[in-house]
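To start, the structure itself, in C-alpha cells.
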Amino acid sequence: MKPFLAFRTSAMYRAQQALGARFKEDAGWRVADVYTSTDDEAARARTGVGLSDVSACGKLGVRGEAIEPLVVKLTGRSAPAVGLASWERVNGAPVLLCRRAADELLLLTAARELSVVADVLEKTIGSVGCVHATDLTAAFAVIDVMGAGLGALLERLVALDLSAVPALGIVQGELARVHVIMVRLDHPTPPAYRVLVPREYGDFVWKALGEAGHDLGLTPVGAAAHARLMTEA
C-alpha cells in the first residue's frame, strides 16, 4: 500500500480538473502542469490570452515603520517606491517584493524557497526595529494573465485605466467586483499581470476571467507552458 501524501491545492483546483488538467507535485503543492500541450498553450497565450494559476508560491506580508532598513538588510538594495515592485534575491532565493504602502510589503517567492526566505526575514526583523511578518500563503490565490489580448480582457473586468501603469507597477482595486492586487510584470512579450485574489474568491475570479475572455482566444496555461513563456520573456 502506498503511503498517503497530503498536498496543498489552489482555490482553482476543481475548475482545472474540469478543464482536463494533468497535475504534478511541486514542493508540497499539486499544480496544473499541462492542459493540451506545452507548445499549444504557449502559442495560444502569445496570440490570445493565457490564464495561469501560480498560487503555488510563498506569500509573506510585512508591516511596520522599519521597512526601509529591513529591505536594505535583506537585499542589499533600497526598497522600491510605494506602488512599485522589484525583483530581488534573499539569501539567493528570487523574490518579487511589492511595496503596497509606506509601511507595508508583500514578498512572493517560489514554494520551495519559502522556508529559507521566511527564516532570513525573521532573523533580520529582530535587528531593525518596529516591523512584523505574517505568512499569507493560504490567504491568496494568484493568477497570471498574459498575452496579446490582455488589455482587451482587463478593460471588461477592471474599472480602472491601466494604460499608464508602469512595468512592475502595483494596482489595487476591483476585478470582476472583487478587490485584488495586480502587479504588471516587466516581461514585454507577452504582456502580463500577476493578480492576487483573496483565496475564497479565487475560483470565482478564475471563471470570470475565462468567461470574459472566451472570444479573445483565452486558454488555460499550465505550469510547463508558463515557465517557457517567462523564460522567453
Side-chain angles (χ1 to χ4, degrees), residues 7-19 21 23 26 28-32 35 45 49-63 83-85 95-101 104-111 114 134-147 149-162 165 168-185 187 190-214 216 218-223 226 229-230:
F7 292 98
R8 303 181 79 157
T9 59
S10 82
M12 293 79 81
Y13 179 69
R14 293 193 182 279
Q16 292 162 353
Q17 283 182 312
L19 291 169
F23 292 86
D26 183 11
W29 289 76
R30 182 157 288 170
V31 176
Y35 292 89
V49 186
L51 196 62
S52 188
D53 179 3
V54 293
S55 301
C57 64
K59 313 163 190 82
L60 298 168
V62 181
R63 288 190 175 185
L84 291 176
V95 172
L96 181 60
L97 195 156
C98 307
R99 186 80 178 272
R100 297 185 62 192
E104 185 175 357
L105 292 173
L106 181 63
L107 285 75
L108 305 180
T109 191
L114 175 59
T134 305
D135 188 344
L136 300 175
T137 300
F140 288 104
V142 189
I143 303 168
D144 275 7
V145 192
M146 64 197 80
L150 174 63
L153 173 64
L154 294 181
E155 283 180 1
R156 299 175 180 182
L157 295 171
V158 180
L160 295 169
D161 180 9
L162 301 177
V165 179
L168 293 176
I170 300 170
V171 178
Q172 303 183 68
E174 289 192 348
L175 187 156
R177 299 187 179 181
V178 175
H179 186 81
V180 301
I181 304 165
M182 300 174 61
V183 182
R184 181 181 173 183
L185 299 181
H187 305 303
Y193 269 93
R194 183 154 294 173
V195 184
L196 287 90
V197 187
R199 180 184 169 88
E200 59 269 29
Y201 295 107
D203 183 68
F204 171 79
V205 170
W206 174 271
K207 291 176 179 176
L209 287 163
E211 291 172 5
H214 180 72
L216 298 173
L218 185 142
T219 189
V221 173
H226 179 270
L229 290 165
M230 295 299 101

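Thr134 contributes no side-chain N or O that, together with a main-chain N or O of Leu136, makes up a donor-acceptor pair within less than 3.5 Å. Formation of a donor-acceptor pair under 3.5 Å by the Thr109 side chain with backbone atoms of Val95 is not found in this model.
The ring pair (Phe, Tyr, Trp, His ring centres under 6.0 Å) search around Tyr201 returns none, not counting sequence neighbours. Every residue meeting the ring pair (Phe, Tyr, Trp, His ring centres under 6.0 Å) condition with Tyr13, not counting sequence neighbours, appears here in chain and number order: Phe23.
Atom CZ of Arg156 has more than 12 neighbouring heavy atoms from other residues, nucleotides or ligands inside a 6.0 Å radius.
Atom CG of Leu157 sits about 5.5 Å away from atom CG of Leu209, to the nearest 0.5 Å. For the atom pair Cys57 SG and Arg194 CZ, the distance stands at 7.0 Å (nearest 0.5 Å). Note that CD1 of Ile170 and CG of Leu106 are 8.0 Å apart. Values are rounded to the nearest 0.5 Å. One distance of note links CZ of Arg184 with CG of Leu84; it measures 12.0 Å at 0.5 Å rounding.
Here the shortest heavy-atom pairing between Leu229 and Ala45 reads CD1-CB, 3.7 Å. Nearest approach of Tyr193 to Leu150, heavy atoms of both residues: CD1-CD2, 3.8 Å. The two atoms that bring Arg8 and Ala138 nearest to each other are NH2-CB, 3.8 Å, heavy atoms only. Across Lys59 and Phe140, no two heavy atoms sit closer than the pair CE-O, 3.4 Å. Heavy-atom minimum distance, Trp206 versus Ser52: CZ3-C, 4.0 Å.
Side-chain contact between Val158 and Met182 is present, with at least one heavy-atom pair separated by less than 4.5 Å.
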